[in-house]
Amino acid sequence: MKRRQPPSNGTIFLLLGFSDLSLAAQTSLYVFLLLSYLFSVIGNGLIMLVVTFSPRLQSPMYFFLTVLSFTEILSISSTVPKALQGFLNAGRTISFIGCATQFSVFIAAVTCECILLTLMAYDRYMAICQPLRYTSVMTVSVCWKLTMFCLIVSFGSAFIDTSVFFSLPFCDSILIAHFFCDAFPIISLTCGNTFFIEVYQLIASAIVIMFTSILIICSYIRILTSIFLLRSAESRHKAFSTCGSHLVSVIIFFGSAMFVHFQLGNPLSSYNDRMLALSYSVIIPTINPLIYSLKNNEMKEAIRKLNLKFVALHM
C-alpha cells in the first residue's frame, strides 16, 4: 500500500461496525445497544436529577456521583449512537473530524471516570478515617476544584492522544475494523512500523490505570482497617454500607480496564476486539445506575420521595 501524508479534514473513514455478522446477530446487537443506551442515559440522568433535588444527598460523595453519571452519559453517547447508525449502510461512514472527536471524547470520559472513582475513594477515606476533619476538608469549594482538575487532566490527555494518533501517516485503507474510533483500530491503518506508538498507548493507559488503582487500594486498606477496629457490628455495617456501592463500581471498572489492558499486547480477531470493547464502552455505563441505586439505601429513599412529590404534583 502507498504511504501518504496524514489525512486531511476531508477524509472519510468507513466503520466496519457489525456488518460482517449475520442478520440475526445484527438484530440482537441493535436491540441490546439501543436498550443499553436508553437505560444508561435515563438511569444516569435520574441519578443526577435525584441528587440535585434531594437535600439529604447534598454531600461530596453524591456531588462526585453526579459528575460520574454525567461522565457515563458522555462516554456511551460518544460511541453507541454512531454504532446504532452503523447498522444502516449509509451510517457507517465517519469524517476525519468526526472520528477524531469521537476518539477524544471517549478517551476523556474514560480517563475522567478513573480519576473520579479515585476522588470518591478519597472522600470515603476522609469520611470514615478522618471524620472530625471531613467537613472542613471536603468543602464545596474543594469538590469543585477537584472536579475541575479531573476535567482538565482528562481532556488535556485526550487532546494529546488525539494529536498524536491523528497526525500519523495513514495508508490507503479507510476501513476501521471496529464500531467506533478506538486506539488500536486506528493504529492498524497507519503505514510503517507501529511499535513505538503501540508502546506509547500501552504505557499511557498503564500510567492512568495503575496510578489511580494504587491510590484507591491504599484508601481502601485504610478504610477497611478503620472499619474492622470499630467495636460494634452495627457500626461496622453502617460504615461499610456508605462505600459498598463505590467499591462494587471500582471492582467492575478497574477489573474490566486491567483485563482489556493486558489483552492489548495480544493479537485479537476483529470480532473479539469488538466484543471486548462492549464491556467497557457499553456495559459499564449501563450497570452503574443499578449499582448506585439498588445498593444504596439513601439513593433508594431519595428516589422514593422524589417519586411521591412527582405524583402529588400531578394529582
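All of these numbers come straight from a predicted model, not from anything done at the bench.
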Within this structure, what is the [atom1]-[atom2] distance for the pair [X] and [Y], rounded to the nearest 0.5 Å?
{"X": "Tyr134", "Y": "Ser59", "atom1": "OH", "atom2": "OG", "result": "5.5 Å"}
{"X": "Phe179", "Y": "Leu29", "atom1": "CZ", "atom2": "CG", "result": "9.5 Å"}
{"X": "Arg92", "Y": "Leu14", "atom1": "CZ", "atom2": "CG", "result": "4.5 Å"}
{"X": "Thr118", "Y": "Ile216", "atom1": "OG1", "atom2": "CD1", "result": "4.0 Å"}
{"X": "Ile252", "Y": "Phe254", "atom1": "CD1", "atom2": "CZ", "result": "12.5 Å"}
{"X": "Tyr122", "Y": "Ser219", "atom1": "OH", "atom2": "OG", "result": "9.0 Å"}

Sub-3.5 Å donor-acceptor pair from the side chain of [X] to the main-chain atoms of [Y], do we have one?
{"X": "Ser205", "Y": "Gln201", "answer": "yes"}
{"X": "Gln58", "Y": "Val51", "answer": "yes"}
{"X": "Thr139", "Y": "Ser136", "answer": "no"}
{"X": "Thr111", "Y": "Ala108", "answer": "no"}
{"X": "Ser154", "Y": "Cys112", "answer": "yes"}
{"X": "Ser188", "Y": "Pro185", "answer": "yes"}
{"X": "Lys82", "Y": "Ile94", "answer": "no"}
{"X": "Ser95", "Y": "Gly98", "answer": "yes"}
{"X": "Thr190", "Y": "Ile186", "answer": "no"}
{"X": "Ser104", "Y": "Ala100", "answer": "no"}

Locate the shortest heavy-atom distance separating [X] from [Y]; write the atom from each residue and the value.
{"X": "Ile76", "Y": "Ser36", "value": "CD1-O, 4.1 Å"}
{"X": "Cys143", "Y": "Phe64", "value": "O-CE2, 3.9 Å"}
{"X": "Ile73", "Y": "Val41", "value": "CD1-O, 4.0 Å"}
{"X": "Ser40", "Y": "Pro285", "value": "OG-O, 3.0 Å"}

Check: Using the ring of each side chain (for Trp, its six-membered ring), is Phe165 parallel, tilted or perpendicular to Tyr200, with breaks at 30° and 60°?
Finding: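 The rings of Phe165 and Tyr200 sit tilted, inter-plane angle from 30° to 60°.
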
Transitively linked via ILVMFWY side-chain contacts under 4.5 Å: [X] with [Y]?
{"X": "Ile217", "Y": "Phe211", "answer": "no"}
{"X": "Phe53", "Y": "Leu65", "answer": "yes"}
{"X": "Trp144", "Y": "Met126", "answer": "yes"}
{"X": "Leu116", "Y": "Ile251", "answer": "yes"}
{"X": "Val164", "Y": "Val208", "answer": "no"}

Determine, for cysteines Cys99 and Cys181, whether their SG atoms are under 2.5 angstrom apart.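 Bridged: Cys99 to Cys181.
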
Would you check if [X] and [Y] make a side-chain contact, meaning some heavy-atom pair closer than 4.5 Å?
{"X": "Leu16", "Y": "Ser19", "result": "yes"}
{"X": "Met299", "Y": "Tyr62", "result": "yes"}
{"X": "Val282", "Y": "Phe32", "result": "yes"}
{"X": "Ile115", "Y": "Val153", "result": "yes"}

What residues form a disulfide (SG to SG under 2.5 Å) with Cys243, not counting sequence neighbours?
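Expected list: none.
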
key: Phe103/Phe180 under ring-ring contact (aromatic ring centres under 6.0 Å, His included): CA gap, chis, key distance, verdict   = CA-CA 8 Å; Phe103 175 84; Phe180 70 98; 9.0 Å; no

Original post:
Does a donor on one side chain and an acceptor on the other come within less than 3.5 Å for Asn288 and Ser249?
Top reply: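 On atom types as modelled, these side chains qualify, holding a pair under 3.5 Å.
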
ask   = Are a donor atom and an acceptor atom from the side chains of Tyr37 and Thr286 found within less than 3.5 Å of each other?
value =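 Judged by distance alone, the side chains do not pair up.
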
Exactly one of [options] should register a side chain to side chain contact (heavy atoms under 4.5 Å, CB included) with [X]. Which one does?
{"X": "Leu74", "options": "Asn44, Val105, Val110", "answer": "Val105"}
{"X": "Leu68", "options": "Met120, His246, Met48", "answer": "Met120"}
{"X": "Leu33", "options": "Leu38, Leu84, Thr79", "answer": "Leu84"}

| message | Holding to ring pair (Phe, Tyr, Trp, His ring centres under 6.0 Å), I want the full list of residues that pass it with Phe70, two or more places apart in sequence or in another chain. | response |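 Scan of Phe70 (ring pair (Phe, Tyr, Trp, His ring centres under 6.0 Å), adjacent residues dropped) gives none.
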
Could you tell me which residues satisfy ring pair (Phe, Tyr, Trp, His ring centres under 6.0 Å) with Phe39, sequence neighbours excluded, listed by chain and number?
->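 Ring pair (Phe, Tyr, Trp, His ring centres under 6.0 Å) check on Phe39 returns nothing, list empty.
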
### Query
Do the charged groups of Arg274 and Asp182 touch, with an N to O distance under 4.0 Å?
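Asp182 and Arg274: not salt-bridged.
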
- Check the pair Ile284, Glu113 against side chain to side chain contact (heavy atoms under 4.5 Å, CB included), reporting the backbone distance first and the verdict last. CA-CA 11 Å; Ile284 289 177; Glu113 185 165 357; 4.0 Å; yes

Between Phe253 and Tyr280, is the gap from one ring center to the other below 6.0 Å?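 Not close enough - the centres of the two rings lie 6.0 Å or further apart.
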
Worked check of side chain to side chain contact (heavy atoms under 4.5 Å, CB included) between Thr147 and Phe63:
CA-CA 10 Å; Thr147 301; Phe63 174 86; 3.1 Å; yes

